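Notes for the one structure printed next.
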Protein chains: 2
Amino acid sequence: MSVTTVIGTESGLTVSEVAAQSGVAPSAVRFYERHGVIRAQRTAGNQRRFASDASCRIKVAKLAQRVGLTVKEIAETFDALPPQPQPEEWSRIADHIVTEAEQRVEALKRAIAAMSTGGHLCDIDEALATMP
Amino acid sequence: MSVTTVIGTESGLTVSEVAAQSGVAPSAVRFYERHGVIRAQRTAGNQRRFASDASCRIKVAKLAQRVGLTVKEIAETFDALPPQPQPEEWSRIADHIVTEAEQRVEALKRAIAAMSTGGHLCDIDEALATMP
DNA sequence: TGTTGACTTCAACATTTGTTCAACTTCTAG
DNA sequence: CTAGAAGTTGAACAAATGTTGAAGTCAACA
């Protein structure tokens, strides 16, 4: 071996590896670690080493951001995960995020429906507004 | 009358009125106008006057932000509205926003499902990772 | 040994979404 | 007419989400 990148010694994924796997920039990987979305061990030489679930966390986080969750909220959600999460625990987290997103969409739909009741949504009540 | 606030002369809602109706700060109302979420006429004295759909636009915008749409995206969506939108046109816009939000949630769900196939989601493939 | 590439931290910058303040103008009530 | 409430602009600040660059460290290979 040693022709292509030698995979991180000291057991764990490097920043670049996680970045490549998750499709974000290395700077973003560091950013997510600082904000608790992912966790890292350190090597003797102070380099980060991530467990293999790191890139998955980032992928989920990116999608969660797309539906309005903040990095902080996502980090807090992931906080419920133990160091060695079981697939089933992961599913619970995923469900939680999806549910939160769906609730926000429902809130949006309900609000729009509420505004629509009576046949008007955001229409200009010209007649009413200009009444004496 | 004339005891409580007299509603803006020169036909239209003032910044404060829209702010009160929509539940945001006056500064936010000006912000949304600058970014095209709402539009204003100006009085002879250069004050903003909003049509009565302004607060509704803001309410929808706030909820749309909660599901991940940016102010710019929302403004672009509202751009499709004519100056005097009919309720039906409003419904189309509302549908568009809801649909966009639902698509994002679907993307999230599909991605999670894809990651879950094979029984693992984000679990640590310790065995695999440490294989020689 | 030395240089090369990947890593480290820290600071600065950029964008989005607002808020706050100062200085000035306009509107409305009395 | 005049005082005070509310409006105007512009600049500065703030938090969230990153990116970029400088300066230094570390490990591996020739």
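Chain identifiers are assigned alphabetically (A, B, ...) following the order of the sequence lines, protein sequences preceding nucleic acid strands; residue numbering begins at 1 within each chain. What you see is a predicted model, and the numbers here were worked out from it, not measured in a lab.
Whole-Å rounding puts the I58(B) CD1 to dG18(C) P distance at 10 Å. Note: CD (Q65(A)) to P (dA15(D)) measures 19 Å, nearest angstrom. dT26(C) atom C1' lies 10 Å from atom CZ of R49(B), rounded to whole Å. A straight line from CG of N46(A) to C1' of dA23(D) spans 16 Å, rounded to a whole angstrom. Rounded to an integer number of Å, the gap from R66(A) CZ to dA16(D) P is 21 Å. Whole-Å rounding puts the L69(B) CG to dT17(C) P distance at 10 Å. Note: CD (E33(B)) to P (dG10(D)) measures 12 Å, nearest angstrom. The nearest whole Å value for the distance from the CZ atom in R34(A) to the P atom in dT19(D) is 11 Å.
Look at R42(A) and you won't find any side-chain N or O under 4.0 angstrom from OP1 or OP2 of dT25(D). Distances shorter than 4.0 Å separate none of the side-chain N or O atoms of Y32(A) from OP1 or OP2 on dT17(D). Distances shown here put a side-chain N or O of S16(B) below 4.0 Å from the OP1 or OP2 atom of dG7(D). Neither OP1 nor OP2 of dT17(D) sits under 4.0 Å from any side-chain N or O of K62(A). The phosphate of dG7(D) (OP1 or OP2) has a side-chain N or O of T14(B) nearer than 4.0 angstrom.
Put simply, CD on E102(A) and NZ on K109(B) are 4.0 Å apart, with the number rounded to the nearest 0.5 Å.
No donor-acceptor distance shorter than 3.5 angstrom exists from the side chain of R66(A) to the backbone of G68(B), with no hydrogens or angles considered.
Along DNA chain D, the nucleotide closest to Q47(A) and the one closest to S27(A) are compared, and the more 5′ of them pairs with S27(A).
Residue contacts shown for R48(B) are limited to sugar-phosphate atoms, with no base heavy atom under 4.0 Å away. At the heavy-atom level, V24(B) lies nowhere under 4.0 Å from the strands shown.
Residues forming a ring-ring contact (aromatic ring centres under 6.0 Å, His included) with Y32(B) (at least two apart in sequence, or on another chain): none.
Checked for salt-bridge contact, E100(B) and R104(B) meet the test: a charged N lies under 4.0 Å from a carboxylate O. Using a 4.0 Å cut-off between charged side-chain N and carboxylate O, R39(A) and D79(A) make a salt bridge.
Picking from dT8(D), dT17(D), dG18(C) the nucleotide with the shortest atom distance to the side chain of V15(B) gives dT8(D). Proximity note for R30(A) (side chain, C-beta onward) versus dG18(D), dT9(C), dT17(C): the nearest is dT9(C).
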